[in-house]
Amino acid sequence: MSETKTNWKKTLNLPRTSFPMRANLAQNEPASVKRWLKESLYDKVTEAREGCEEFIFHDGPPYANGSIHVGHLLNKVLKDIIVRSRLVAGKQCKFVPGWDCHGLPIEHKVMTELADSGKIEKLNSLDESTRRMAIRRACRQDAEKYIKLQRGQMQRLLTLADYDNPYLTMNPRYEQRVVETFADLVMQGIVFRQLKPVHWSIANETALAEAELDYEDRTDPSVFVDFEACDAAAVAAAFDVEVDQTPSFMIWTTTPWTLPANLAIAVHDRLTYALMRLDGALTVVAEDRIDAVAAVGETESVEKLATCKGSDLVGLTYRHPFCDRTSPVVSAEYVTLEDGTGLVHTAPGHGVEDYGTGLREGMDIYCPVKGDGTYDETVPDWLHGCSVWEANPKVVEHLKASGHLHASKDIVHSYPHDGRSKTPVIFRATEQWFIGVDRPLRDGGQTLRDMAMDATRESVDFVPEWGRNRMRGMLESRPDWCISRQRAWGLPIPAFSMPDGGVFMTAASVRAVAHAFGERGSDAWFNEEPSQLLSTYDPGSDPDAPDGLNLAALEKMHDIFDVWFESGSSWNAVMRARELGCPVDLYSEGSDQHRGWFQLSLLPALGVTGQSPFRCLLTHGFMVDRHGRKMSKSGGNALSVDDLLKDVGADVCRWWVSGLAFENDIRVDLELFHLAGESYRKVRNTIRFLLSNLDDLECSSAEIHELWSTVSPRSLEAWVLGEAGRLQTEVMEAYEQLEFRKAHLAIFDFCNETLSAIYCVAVKDRLYCDQANSERRRRTQATLHRLAEVLCRLTTPILVHTADEAWRALHGDDACVHLEVIQPLQVTVDKDWPLVMEAREMVLKALEEAREAGKDGIEKSLDAGILMPDPEDQLAPFAEALEAMCEVSRLTCSKDYSEIKIEDLRAEPACERSWRRDQTVQARENGAMLSDRDWDAVQQSLSDG
RNA sequence: GGGCUAGUAGCUCAGUUGGUUAGAGCGCACCCCUGAUAAGGGUGAGGUCGGAGGUUCGAGUCCCCCCUGGCCCA
């Protein structure tokens, strides 16, 4: 029996293919990468699309530090899907990858390494320029190392980009463009220098941007301090009472170290304040804070003497508890009753709000704290040279001893920390460079903020749409942009100091330095004299040049640009410089870039060009672990990209990315990659089935086209090609709309349902059992061929390796699917197909019921015949197709049947070759039971040898 | 503390302007096939829609409050 079986097997056209079931992606993908690099695929594709409609995309630069993580994987793969989906749609889409190279993280790491290797002392013995150059050399090497590493990893993710010509923010030509962008802003009159409290990292002795801060819990002393009034009678008058001693104003602070810089007490005009007798002492606090203040001081007796409005207190003066000066009570809107005393300690040199009050009241922006976090000589002796953190307990002790301390208690609160050194930052007033968002531009008179609000109102698209509100909310309230840093690893701000203490920097002088940077790199700032840097500068033709300018007397200043200004100029330094197109059609990054790169690209572009650098912003969410918590390296819940690539391969990672609802949080877990692997395998096996039945198809492409394009509208082929056409439209639209998940699901459903569960099952019999070169089989093969091509082209943006592997199996090893463009697919399909599919569902259900009918149930569908009710004679023309789709031996349609009936055909003979029990089965001359079709096929294959 | 955002079957997600028994895929269970075979097919069981109120004849969908995440700020 088994021998006979084997014999029949030999006469069948069974599937055969070199396209393996197991993808072995980890092993095979690197070969694809190598081949594409060797063939210069990126250049080939951009050349092939020369002159086509363009889609302008711009890559935001990742920071050149460390190995890539899953976040990069998501970001880069999404971008690659965007680019490749435009390419397969027939558009030109260039992609220049970039890296952010300067900045604190690299410098901090390099400094740590230098310290660890004991070189830091030698470094500190060098003169300033030499020292900075030594640091810069080490930083550049470090950045280069990681660019190389990350580039390899990104290529391993099968991304297509101009990796031979990336943009690096540390390249001279890039630096030149950044400084030129700056020159334009200087020309607009919105760049200024100002003393201003900024977040200051004591550890790194630099001002920090918001983006460089981490908020962490910290324990600080929370103190309630009495400031003695100068004039008891004036206070008494404000409250309209008599007093027998000098009252105090009580303030509250969690930064006792800022008390030496106190220059005012702020109250709110409309709040009610009370004159209290607390355990015998006269004190002023907000009426609603009395209980809280009394409680924290463990006060034994509380007596309210009188009340007045805050406005009545304004103008009164008080004596500083340990500095020799008197200061005023002032009014401020931000005073609240949420905590403290309702009287706010104000130090204009140490707080943003205090600073605003100080400016308004004409106070000094007094800051006695030096860059290293210690006090200068303007404070009392006992604090000289003391660090602010040491000062906290000292100040508390001093206040206690002098009787000014009402209460002190440690509290835990959220406090800004330097993201890199993990040390707490302070607010400290320093001279910084700013780009003003509320200063009118010389051209047009609008402010950057107004322009940004206008641009984001309607001329920029947001995906998802809520990004608009988010970004506009940020723009509405953002402060002036502090663009200066006091570090070595960065692009110098080309400002010079003059002998009279003034600062020299005009649009023209900045352009001259930009030119020098473009020629010789920004290292020139450290290696060259001002006269060399300004060699192309002509004071005579610079209307902004100060009177009596003496170039020989200039000295270079030491600030560098905030790295965000560098990356925020990329629309100019890359897209305009390389004539790639600006405004750009799409920027796509994580949603944190609403405040980062998006906003900080928008502002300079508006200042320079008057318009937004992007037409659309796409954002994706952030990776969270399996419990929905944020990913952290230290938490040990981060997955390594290298491990993922070894484990599941890039195509599976890409398949996973394409299926994500990426605008929200993205749960990352190894198990999810394995699940993506299973669904990838489904797609792969479906393609494999198509390919494996094309092994013996030796028709020209014209013949194949003729075969599939002329199928009968009622044939299975017409149906499946119609479905494929729908799929192609749906997927291409989804790509266009940036809805990759939709494309992913459509492709999967098509493979899983339309092909695997329905079409492939239906055509197996004819593929395997029909004569190899019969018209019906060839037509089916032509259809499979077409389906395989459609699937390859549609999956090209996602399954980069697999689509190409299949394409090469189809068209030979010299072919490359990545040069392909989607082709229209049109075939006439009968309108009654929905009825047929409905009938199929009903038959399958009926067969299942027949199967479960007990131990005598019909278990194999080929043992069954179907009597199909067909009241309108609509199904009869599809009987052959329906029979094939249900895998039954016989299907008869008639208006005489009232419901689906299953015929038990087990008494009829089965064909030994096709296992079908069709009525033509009979004993043949060789003794075998075969159907007519199979008997013919056997004879044919024998005569063919 | 503020702005934006999310919370629907074990998992990933759909759920149109409020309207019949809340859908899909995966996974799971059971069955078939062994001529896609480390494959393929069929059937089925899973949900008080984060929680509490409210509006309405009717709410996953609208309003309010709360809880738990995420991003960005303070």
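Within every chain, numbering begins at 1; the chains are lettered A, B, ... in the order of the sequence lines, protein sequences first and strands thereafter.
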Just name whichever nucleotide pairs with [N], Watson-Crick or G-U, keeping both distances under 3.5 Å, else none.
N       : result
rG7(B)  : rC67(B)
rG19(B) : rC57(B)
rG44(B) : rC28(B)
rC33(B) : none

How would you label the contact of [X] with the nucleic acid (heavy atoms, under 4.0 Å): base, sugar-phosphate, or nothing?
X       : result
R913(A) : base
M471(A) : nothing
E671(A) : nothing
S756(A) : base
L847(A) : nothing
G621(A) : nothing

Next item on the list: Could you grab the distance from atom CG of L787(A) to atom CZ of F689(A), nearest 0.5 Å is fine?
Entry: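 If I round to the nearest 0.5 Å, the distance is 11.0 Å.
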
Distance check: side-chain N/O of [X] vs OP1/OP2 of [N], anything under 4.0 Å?
X       : N       : value
K764(A) : rA36(B) : yes
N752(A) : rC26(B) : yes
S591(A) : rC72(B) : no
K9(A)   : rG35(B) : yes
Y415(A) : rA74(B) : no

Measure the distance from [atom1] on [X] to [atom2] on [N] and round it to the nearest whole Å.
X       : N       : atom1 : atom2 : result
W915(A) : rC33(B) : CH2   : C1'   : 9 Å
W656(A) : rC26(B) : CH2   : C1'   : 16 Å
F462(A) : rU5(B)  : CZ    : P     : 13 Å
L74(A)  : rG70(B) : CG    : C1'   : 14 Å
E848(A) : rA29(B) : CD    : C1'   : 13 Å
R22(A)  : rU37(B) : CZ    : P     : 13 Å
D669(A) : rU12(B) : CG    : P     : 10 Å
H627(A) : rC11(B) : NE2   : P     : 12 Å

Roughly how many Å apart are [M] and [N], using the [atom1] atom of each and rounding to a whole number?
N       : M       : atom1 : answer
rG50(B) : rC13(B) : P     : 15 Å
rG18(B) : rG60(B) : C1'   : 10 Å
rC11(B) : rC57(B) : C1'   : 38 Å
rG44(B) : rA52(B) : C1'   : 36 Å
rG2(B)  : rC63(B) : C1'   : 22 Å
rC49(B) : rG10(B) : P     : 13 Å
rC33(B) : rU68(B) : C1'   : 48 Å

Considering only side-chain heavy atoms of [X], which listed nucleotide, [options], is closest?
X       : options                   : answer
L672(A) : rC11(B), rC71(B), rG25(B) : rC11(B)
N685(A) : rA39(B), rG35(B), rC72(B) : rA39(B)
C760(A) : rA36(B), rG42(B), rG44(B) : rA36(B)
L675(A) : rC26(B), rC73(B), rG35(B) : rC26(B)
R595(A) : rC71(B), rC13(B), rC73(B) : rC73(B)
R688(A) : rG70(B), rG35(B), rU37(B) : rU37(B)
M21(A)  : rG25(B), rA39(B), rG42(B) : rA39(B)
F622(A) : rG70(B), rU43(B), rG41(B) : rG70(B)
W466(A) : rU5(B), rC72(B), rA36(B)  : rU5(B)
R741(A) : rU12(B), rG41(B), rU37(B) : rU12(B)

Note to self: Need the glycosidic conformation of rG46(B): syn if within 90° of 0, anti if not. Which one?
What the structure shows: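 With its glycosidic angle within 90° of zero, rG46(B) counts as syn.
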
Margin query: Quick test of the criterion, 5.5 Å between centres and less than 30° between planes. Is F689(A) stacked on rG40(B) or not?
Written below: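 By the stated criterion, F689(A) and rG40(B) do not stack.
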
Notebook entry, point to check: Should N693(A) and R16(A) count as side-chain neighbours, where that means a heavy-atom distance under 4.5 Å?
Noted result: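 Not touching, per the 4.5 Å side-chain cut-off.
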
Note to self: Can you tell me how the ring of F598(A) sits relative to the ring of H594(A), calling it parallel under 30°, perpendicular over 60° and tilted otherwise?
What the structure shows: perpendicular

Notebook entry, point to check: Would you call the rings of W597(A) and Y587(A) parallel, tilted or perpendicular, where under 30° means parallel and over 60° means perpendicular?
Noted result: parallel

Next item on the list: Let me see the working for E848(A) and K845(A) under salt bridge (charged side-chain N to carboxylate O under 4.0 Å, His left out), right down to the final yes or no.
Entry: CA-CA 5 Å; E848(A) 184 66 20; K845(A) 240 186 196 134; over 6 Å; no

Note to self: Whether the T258(A) and H350(A) side chains hold a donor-acceptor pair (N or O, under 3.5 Å, no angle test) is what I'd like checked.
What the structure shows: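 Side-chain D/A pair, T258(A) to H350(A): absent.
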
Check: Between Y680(A) and W655(A), does the ring centroid distance fall short of 6.0 Å?
Finding: no

Next item on the list: Look at the side chain of T17(A) against the base of rA36(B) and say whether a donor-acceptor pair falls under 3.5 Å; ignore hydrogens and angles.
Entry: no

Notebook entry, point to check: Taking atom types as they are modelled, is there a donor-acceptor pair under 3.5 Å from the base of rC11(B) to the side chain of R667(A)?
Noted result: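 Result: no qualifying N/O pair found.
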
Next item on the list: Nearest-nucleotide wise, let me know which of K682(A) and D665(A) is further upstream toward the 5' end of RNA chain B.
Entry: K682(A)

Check: Closer to the 5' end of RNA chain B via nearest nucleotide, is it E841(A) or I666(A)?
Finding: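 The residue whose closest nucleotide sits nearer the 5' end is I666(A).
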
Margin query: Could you go through R777(A) and D770(A), starting from their C-alpha distance and side-chain angles, then the distance that decides it, and tell me whether this counts as salt bridge (charged side-chain N to carboxylate O under 4.0 Å, His left out)?
Written below: CA-CA 6 Å; R777(A) 182 160 179 274; D770(A) 279 7; over 6 Å; no

Next item on the list: Give a yes or no on whether the backbone of Y768(A) and the side-chain of N13(A) come within a donor-acceptor separation of less than 3.5 Å.
Entry: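 Pair found, side chain donor or acceptor close to backbone of Y768(A).
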
